[in-house]
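Reviewing the structure listed below.
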Amino acid sequence: MFVGHYAPALAVGAYGKIKLWQAFVAVQLLDFAWAGLNLAGVEKTRIIEGFAGNSHLDLYYMPYSHSLGMSIIWSIGAAIVFALVFRKQARIGAILFGLLVFSHWITDLLVHKPDLALWFDSPKV
Ligand SMILES: [Zn+2]
């Protein structure tokens with residue numbers, strides 16, 4: 001589940017314009033948000049035995065961390081924060097960081113059950 005997210009991080013990290021640890025943070029940022037929002041009770045997850053093969057997590061409500069629209073917003077916001085914090089890597093680093101954040105949604109789309117909303121209560125893909 002998580003391993004697939006690191007492939008884009010390793011590829012971009014090898015390119016050398018962004019540090020590997022930064023790439024790892026970028027590809028997991030949406031899941032960090034998901035964990036925090038679940039702990040805060042904003043997003044909802046339930047455990048159903050055998051729900052999705054090896055995973056028992058039913059991710060039935062996660063519009064703030066994993067909808068397509070919010071993933072784009074998270075990616076842009078993360079790129080802006082990256083540019084402000086890491087000024088020496090600002091241009092290409094921020095673009096790569098933002099793209100890596102968004103790569104999380106793409107890699108989730110490949111393996112998740114249809115639980116990724118396009119925008120809040122929209123149909124899920
Ligand atoms: Zn995810």
Side-chain angles (χ1 to χ4, degrees):
M1 181 173 168
F2 298 108
V3 174
H5 293 304
Y6 290 102
L10 290 168
V12 171
Y15 180 58
K17 298 295 183 187
I18 185 171
K19 294 181 173 119
L20 191 57
W21 73 266
Q22 294 169 331
F24 282 177
V25 168
V27 297
Q28 285 300 316
L29 192 67
L30 296 184
D31 278 351
F32 295 155
W34 169 82
L37 291 166
N38 266 272
L39 288 172
V42 175
E43 293 193 341
K44 308 289 182 195
T45 300
R46 59 187 161 216
I47 296 174
I48 298 175
E49 197 69 31
F51 179 72
N54 292 335
S55 174
H56 306 300
L57 298 178
D58 179 9
L59 310 166
Y60 67 97
Y61 184 73
M62 50 180 187
Y64 298 100
S65 66
H66 279 73
S67 68
L68 174 60
M70 284 303 294
S71 295
I72 292 168
I73 291 171
W74 279 104
S75 300
I76 293 169
I80 291 168
V81 170
F82 185 95
L84 293 173
V85 173
F86 301 104
R87 292 179 185 267
K88 289 182 181 175
Q89 302 169 271
R91 287 201 179 143
I92 190 70
I95 291 168
L96 291 173
F97 194 83
L99 288 172
L100 284 171
V101 172
F102 187 69
S103 77
H104 183 99
W105 194 87
I106 299 294
T107 50
D108 271 356
L109 179 66
L110 296 175
V111 297
H112 275 221
K113 286 189 171 245
D115 55 14
L116 300 169
L118 299 176
W119 185 255
F120 290 91
D121 286 333
S122 75
K124 295 178 179 177
V125 293

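Read the numbers this way: they start at 1 and go in the same order the structure lists the ligands and their atoms. All values reported here derive from a predicted model rather than from experimental measurement.
As for His104, its N/O/S atom nearest the Zn ion (ligand 1) is the one called NE2. Note on Asp31: its N/O/S atom closest to the Zn ion (ligand 1) is OD1.
Atom CG of Leu84 has more than 12 neighbouring heavy atoms from other residues, nucleotides or ligands inside a 6.0 Å radius. Within a 6.0 Å sphere centred on NZ of Lys17, heavy atoms belonging to other residues, nucleotides or ligands number 12 at most.
Ring pair Phe102/Trp105 is parallel by interplanar angle, where below 30° counts as parallel and above 60° as perpendicular. Between His66 and His104, the ring-plane angle classifies as perpendicular under the 30° and 60° cut-offs.
Centred on the Zn ion (ligand 1), the OD2 atom of Asp108 and the NE2 atom of His66 lie at an angle of 90°, reported to 10°.
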